[in-house]
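Each chain gets a letter, A, B and so on, in the order the sequences are listed, and its residues count up from 1.
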Protein chains: 2
Amino acid sequence: MSRRSGILEFAVLGLLRESPMHGYELRKRLNTSLGIFRAFSYGTLYPCLKTLVANGWLIEEPGSVPALPPATGRGVAPASSLAGRRAKIVYRLTAEGKEHFEELLSHTGPDSWEDEHFAARFAFFGQTEREVRMRVLEGRRSRLEERLEKMRASLARTRERLDDYTLELQRHGMESVEREVRWLNELIESERSGRDQRRSSPESSTQHDTSGETGGLPRHREDTRPDPSDDTK
Amino acid sequence: MSRRSGILEFAVLGLLRESPMHGYELRKRLNTSLGIFRAFSYGTLYPCLKTLVANGWLIEEPGSVPALPPATGRGVAPASSLAGRRAKIVYRLTAEGKEHFEELLSHTGPDSWEDEHFAARFAFFGQTEREVRMRVLEGRRSRLEERLEKMRASLARTRERLDDYTLELQRHGMESVEREVRWLNELIESERSGRDQRRSSPESSTQHDTSGETGGLPRHREDTRPDPSDDTK
DNA sequence: AATTTCATGTAATTCGTTACATGATTCC
DNA sequence: GGAATCATGTAACGAATTACATGAAATT
């Protein structure tokens, strides 16, 4: 019962699996860390957290403020170390929550290939088993190929009667899809050749795979611009 | 009043501007002809049509069946030529509807740069004035550049702490955006150099611009596969 | 002292879907 | 005559947003 959205629930559990957080922080990570994630609002997030708690997947803890500064008498009320502080609820995954998340991770349904679901799943591939990763990647690919088929068909059918702009829009749309298919091909390829069945424990890696090419994801370089600025406008 | 969605209303008016249609057909065109348009369901479309009628922008006409076949006594009830036929309501744009659409076309707000709105607007660039086209393209571009900024920032901030997959997802996302920016650059460029202020009358063109290169959209070739098949699964 | 950013929540509303209900027409 | 597709609609529900309301903490 209470068929909560899927995608948000999934992402919240996934993020909380890595470390406990409070809502505000959670939302930011939802919008940044994860690739595509659209900006969920608080009006969505908080009620969702509530139901996750109700389901026994999360517990609320009194907020121990992240990096509590020296606080030598400065400010209004230094109070009793970290006791009387209102609000700032930190959510932590329970054992059942963890279990539930694992189950979500290992499941794949036709939804898993859809745009947003796919992105969410991909974002947690780090804790997904190899076999499931493959299923998701391949499912996504065939979903896109289906879509391409339709686009091509409709293009062929209507080509003559459309103005340049509509045509250009379709063309660009198709190219985007084709591009994603190529991306998936690369990923699938490198999944096949990669041998590591790695399975989480979030504090591994940072120097994961010193060999340049084989076994990991396909290599792409990216200009390293240190560019500190704002986040979600 | 009755702040109807925008995007669906806009698209419906735009499609009907070209020619009258009934709901079923309309929906198909929504999902195919226009580039990106997500599949609206009937449960969305029909009520929308109703309110557009209520606003005086559309009128319902008894359906003259598209290509009515000889019908020489065959079938159940040939009836009185095309009189007693139930349903099949054809919607036609009224003068006010046309006016309203023109106004929507010439307006631009911050919404116009968002993904779906942008696609919808672009799909009707054929009947949009040059100046407005420019505004929309440039608005979209700066919207995307903003987005890129944020992505870069968040990448720089979190790079070390993320696993390979999350990173790869972000990288791919950024590349997609960068690609669209390049596309927009091309379009803007060719808008600048193109001289035709063309403004609709849908029955022009089909051989619009016999010169290969200058003035129109940037040229891209595309394999012409005649591939007749189904539409919306 | 004032402003900004952090932080949590709720109520009303919007947008859109699913599932259902119905029936005509065409194809085999 | 039975299946598929065309065609129109409605009611119940779902997901998420906006606008509102509140207040603590940090920055300037």
Side-chain angles (χ1 to χ4, degrees), chain A residues 1-11 21-28 30-31 37-51 53 60 62-63 65-71 74-79 82 84-91 111 114 116-117 230-233, chain B residues 1-11 21-28 30-31 37-51 53 60 62-63 65-71 74-79 82 84-91 111 114 116-117 230-233:
Chain A
M1 66 222 64
S2 103
R3 267 275 142 273
R4 280 258 144 249
S5 159
I7 166 152
L8 179 54
E9 166 187 313
F10 179 76
M21 258 177 278
H22 54 262
Y24 192 85
E25 205 183 339
L26 208 41
R27 181 187 176 249
K28 267 205 302 201
L30 243 22
N31 301 320
F37 281 15
R38 52 107 113 56
F40 287 101
S41 65
Y42 298 118
T44 314
L45 179 58
Y46 285 116
C48 171
L49 286 170
K50 283 280 166 65
T51 68
V53 169
E60 305 183 338
V65 184
L68 106 149
R74 198 257 258 120
V76 190
L82 52 85
R85 291 166 176 280
R86 193 198 81 102
K88 210 162 195 184
I89 299 158
V90 172
Y91 293 90
D111 273 1
E114 295 311 315
E116 288 185 330
H117 263 80
D230 84 315
D231 66 291
T232 331
K233 183 166 53 188
Chain B
M1 66 218 59
S2 102
R3 266 274 142 275
R4 278 258 144 248
S5 159
I7 166 152
L8 179 54
E9 166 188 314
F10 179 77
M21 259 177 277
H22 54 262
Y24 193 86
E25 205 183 338
L26 207 43
R27 181 187 177 249
K28 267 205 300 200
L30 242 23
N31 301 319
F37 280 14
R38 55 107 114 52
F40 287 102
S41 64
Y42 298 118
T44 314
L45 179 58
Y46 285 116
C48 171
L49 286 169
K50 283 280 167 65
T51 68
V53 169
E60 304 183 340
V65 183
L68 107 148
R74 198 257 257 123
V76 190
L82 52 85
R85 292 167 176 279
R86 191 196 81 102
K88 208 160 197 183
I89 300 159
V90 172
Y91 293 90
D111 273 2
E114 295 311 314
E116 288 186 330
H117 263 79
D230 83 315
D231 65 291
T232 331
K233 181 166 58 186

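Counting non-hydrogen atoms under 4.0 angstrom, B:Gly43 reaches a base of the nucleic acid.
Summarising the geometry, the separation between CD on A:Glu116 and P on C:dG16 is reported as 14 Å, rounded to the nearest angstrom. The distance from atom NZ of B:Lys28 to atom P of D:dT8 is 11 Å, rounded to the nearest whole Å. B:His117 places its NE2 atom 14 Å from the C1' atom of D:dT17, with the value rounded to the nearest Å. One atom, OH of B:Tyr46, and another, C1' of C:dC20, lie 15 Å apart when rounded to the nearest Å. For the pair A:Lys88 NZ and D:dA24 P, the interatomic distance rounds to 14 Å; values are reported in whole Å. Going from atom CD of A:Glu114 over to atom P of D:dA15 covers 16 Å, rounded to whole Å. We find that NE2 of B:His22 is positioned 7 Å from C1' of D:dC6, with the value rounded to whole Å. Here the C1' atom of nucleotide C:dT17 and the CG atom of A:Asp111 are 13 Å apart, to the nearest Å.
Side-chain contact between B:Lys50 and B:Glu60: present, with at least one pair of heavy atoms (C-beta onward) separated by less than 4.5 Å.
One distance of note links CZ of B:Phe40 with CD1 of B:Ile7; it measures 5.0 Å at 0.5 Å rounding. From B:Tyr91, atom OH reaches atom CG of B:Leu49 across 4.5 Å, with rounding to the nearest 0.5 Å. To the nearest 0.5 Å, atom OH of residue A:Tyr24 and atom OH of residue A:Tyr46 are 8.5 Å apart. For the atom pair A:Arg27 CZ and A:Leu8 CG, the distance stands at 11.5 Å (nearest 0.5 Å).
Of the candidate nucleotides C:dG9, C:dT8, C:dG16, C:dT8 has the atom nearest to the side chain of A:Tyr24. In the set C:dG9, D:dA7, D:dG9, the nucleotide with an atom closest to the side chain of A:Ile89 is C:dG9.
A close approach under 4.0 Å does occur between a side-chain nitrogen or oxygen of A:Thr44 and OP1 or OP2 of D:dT17. The phosphate of D:dG9 (OP1 or OP2) has no side-chain N or O of B:Tyr42 nearer than 4.0 angstrom. In terms of phosphate contacts, B:Ser41 brings a side-chain nitrogen or oxygen within less than 4.0 Å of OP1 or OP2 of C:dT17.
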